[in-house]
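Below is one structure; the comments refer to it alone.
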2 protein chains.
Amino acid sequence: MTHTELDAKMRILLAAKKLFADQGFDGTSVRQICDEAGANVALVSYHFGGKENVFAALFDQFFPSERIDEFFKQQMSPVEGVKLIIAEVIRFRKSDPELAKITDQEVVTRSPRTHHLKRRILPLWTKLRGLLEEGRERGDFRFGSLDQGLLFVMGSVLFPKNVHMVESILQEEPLSVDAIIEETQIFVLRGLGMVESDK
Amino acid sequence: MTHTELDAKMRILLAAKKLFADQGFDGTSVRQICDEAGANVALVSYHFGGKENVFAALFDQFFPSERIDEFFKQQMSPVEGVKLIIAEVIRFRKSDPELAKITDQEVVTRSPRTHHLKRRILPLWTKLRGLLEEGRERGDFRFGSLDQGLLFVMGSVLFPKNVHMVESILQEEPLSVDAIIEETQIFVLRGLGMVESDK
DNA sequence: GTCTATATGGGGATAGAC
DNA sequence: GTCTATCCCCATATAGAC
């Protein structure tokens with residue numbers, strides 16, 4: 001982790017991450033990727049074995065699977081858990097906006113690549129569903145449909161704001177990550193009908 | 001509107017809507033579109049002048065611009081307005097899930113086609129922003145950042161549920177449209193910190 | 001590991017017959 | 001309005017030299 005020049009393999013990964021985020025997988029050619037990376041076209045085949053595998057390697061490299069694993073080891077109350085998931089997801093999306101965008105794209109397009117994402121992210125959303133259920137049973141929350149509640153939380157956390165179309169509506173100075181997390185926690189917990197005891 | 005066979009132009013439009021929704025614009029070829037439409041490849045050029053223009057024509061044909069125009073003629077209080085926008089948007093997305101998906105894709109991918117969408121939809125979100133602002137001034141709502149509040153409402157309404165990746169987490173029987181609208185209104189108004197007087 | 005050169009297919013688009 | 005046949009370009013991928 002010195003100032004050494006990155007090798008071609010990593011440069012290709014970084015270029016692919018950037019371009020996939022901007023233009024989508026299908027909208028990006030390996031030629032573009034290699035231009036951006038300052039690498040030769042043939043190196044995609046050599047290092048990864050094709051464009052599809054570059055996509056897979058992206059998630060191997062940059063998706064925070066260990067962090068999710070650690071999260072699952074913890075014990076927590078529903079309210080704590082919901083707040084923690086909100087904070088962690090927002091923090092990750094802020095730390096790697098490109099991977100977040102790629103993820104968002106895969107959610108709305110049925111692609112032969114979805115499983116890379118599903119495998120890694122579904123456990124977290126399933127956990128969230130469990131927390132909501134438990135929280136409602138314990139009387140912490142009061143909302144109607146569990147599925148619908150889950151969707152609201154996901155929507156509040158995942159709705160993309162660093163995309164051009166959304167940015168063009170916003171007018172205020174961007175908040176700090178911590179401020180965004182806090183506002184999201186407040187909105188979500190209120191929305192779920194949390195009985196006001198801690199907040 | 002009889003049982004007359006649709007002409008090739010319309011068949012192409014419908015096929016394109018379906019395929020763009022499933023696979024994205026770049027992931028769909030005009031050959032695929034014409035196969036699906038039972039039409040000849042050359043007809044895309046003849047009727048539209050290219051694939052890009054098929055996309056534009058899709059919004060000319062199916063986007064409910066008149067309905068939005070009518071909405072703008074009405075006078076309404078912030079709470080009423082927010083509830084109405086929630087209801088209208090959810091109703092439209094349910095009535096044309098394919099166009100909704102295409103819209104969602106355009107939001108997360110910077111494409112040379114975004115302006116078709118922006119031109120039509122931004123006025124509505126700007127109006128919503130105004131309603132939130134007015135509502136907060138009047139004391140109907142209490143929330144922090146206006147931009148952030150706007151994003152929460154948009155996320156709650158727009159988060160896609162009829163996509164495979166999201167569906168695989170859900171477990172309950174789907175709600176009726178009216179039930180979804182009601183739950184969304186409750187979640188959003190609670191989240192915005194509405195002072196409980198009408199609801 | 002990295003390059004050049006090339007193979008092979010599919011992409012969008014159109015000329016011109018019907 | 002609709003078809004066939006064709007053009008040309010750009011896509012991914014690889015063989016083989018360095």
Side-chain angles (χ1 to χ4, degrees), chain A residues 2-61 102 105-106 109-114 116, chain B residues 2-61 102 105-106 109-114 116:
Chain A
T2 65
H3 61 293
T4 320
E5 285 279 312
L6 295 167
D7 60 2
K9 191 173 178 182
M10 181 55 76
R11 293 204 312 275
I12 287 173
L13 272 181
L14 291 172
K17 183 149 69 77
K18 173 177 172 181
L19 292 171
F20 288 166
D22 264 12
Q23 311 174 334
F25 180 85
D26 290 315
T28 303
S29 71
V30 308
R31 282 171 156 77
Q32 265 184 297
I33 294 172
C34 291
D35 280 358
E36 175 81 28
N40 189 278
V41 221
L43 293 184
V44 162
S45 286
Y46 176 75
H47 284 297
F48 301 96
K51 186 182 169 185
E52 296 279 346
N53 294 103
V54 173
F55 185 91
L58 229 44
F59 281 84
D60 289 337
Q61 269 289 327
I102 295 171
Q105 292 168 13
E106 289 302 312
T109 311
R110 178 195 303 269
S111 88
R113 302 171 295 281
T114 322
H116 295 302
Chain B
T2 65
H3 61 292
T4 320
E5 285 279 311
L6 295 167
D7 60 2
K9 191 174 179 182
M10 180 57 74
R11 293 205 312 275
I12 288 173
L13 272 181
L14 291 172
K17 182 150 69 80
K18 172 177 173 180
L19 292 172
F20 288 166
D22 263 12
Q23 312 175 334
F25 180 85
D26 290 315
T28 303
S29 71
V30 307
R31 284 172 159 80
Q32 263 184 297
I33 294 171
C34 291
D35 280 358
E36 174 81 27
N40 189 277
V41 221
L43 293 185
V44 162
S45 286
Y46 177 76
H47 284 297
F48 301 97
K51 186 182 170 185
E52 297 279 346
N53 294 101
V54 173
F55 185 92
L58 230 44
F59 282 84
D60 288 338
Q61 271 287 330
I102 296 171
Q105 292 168 12
E106 289 303 312
T109 312
R110 179 195 303 271
S111 88
R113 304 172 293 282
T114 323
H116 295 301

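In what follows, every chain begins at residue 1, and chains take the letters A, B, ... in the order their sequences are listed.
Side chain of B/Thr109 to backbone of B/Ser111: no donor-acceptor contact under 3.5 angstrom is found. Between the A/Arg11 side chain and the A/Leu6 main chain, a donor and an acceptor come within less than 3.5 Å of each other. A donor-acceptor pair is defined here as one N or O able to donate and one able to accept, closer than 3.5 Å; no such pair exists between the side chain of A/Gln105 and the backbone of B/Gln105.
Using cut-offs of 30° and 60° for the angle between ring planes, the B/Phe25 and B/Phe55 rings count as perpendicular.
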Step-by-step side-chain contact (heavy atoms from CB on, under 4.5 Å) determination, A/Val44 to A/Cys34 = CA-CA 8 Å; A/Val44 162; A/Cys34 291; 3.6 Å; yes
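Nucleotide C/dT14 holds its P atom 15 Å from the NE2 atom of B/His47, rounded to whole Å. Residue A/Ile33 contributes atom CD1, which lies 14 Å from atom C1' of D/dA13 at whole-angstrom precision. Straight-line distance from the CG atom of A/Asp35 to the C1' atom of C/dT2: 16 Å, rounded to whole Å. Summarising the geometry, the separation between OH on B/Tyr46 and P on D/dC3 is reported as 12 Å, rounded to the nearest angstrom. Rounded to whole Å, atom P of D/dA13 lies 8 Å from atom NZ of A/Lys51. In this structure, CD of A/Glu52 is placed 16 Å from P of D/dA11, rounded to the nearest angstrom. Rounded to whole angstrom, the span from the CD1 atom of B/Ile12 across to the P atom of D/dT2 amounts to 8 Å. A straight line from CG of B/Leu43 to P of D/dA5 spans 16 Å, rounded to a whole angstrom.
With distances taken from any side-chain atom of B/Ala42 to the nucleotides C/dT2, C/dA15, D/dA15, the minimum falls on C/dA15. Among the nucleotides D/dA13, D/dT2, C/dT14, the one closest to the side chain of A/Ser45 is D/dA13.
A donor N or O paired with an acceptor N or O is not found under 3.5 Å between the base of C/dG10 and the side-chain atoms of B/Arg31.
Remark on DNA chain D: of its neighbouring residues A/Gln32 and A/Val41, the 5'-side contact belongs to A/Gln32, judged by nearest-heavy-atom nucleotide.
Remark: B/Asn40 is in phosphate contact with D/dT4, judged by side-chain N or O atoms under 4.0 Å from OP1 or OP2.
A/Gly50 comes within 4.0 angstrom of sugar-phosphate atoms only, judged by non-hydrogen atoms across all strands, and of no base. Counting non-hydrogen atoms under 4.0 angstrom, A/Ser29 reaches the backbone sugars and phosphates but no base.
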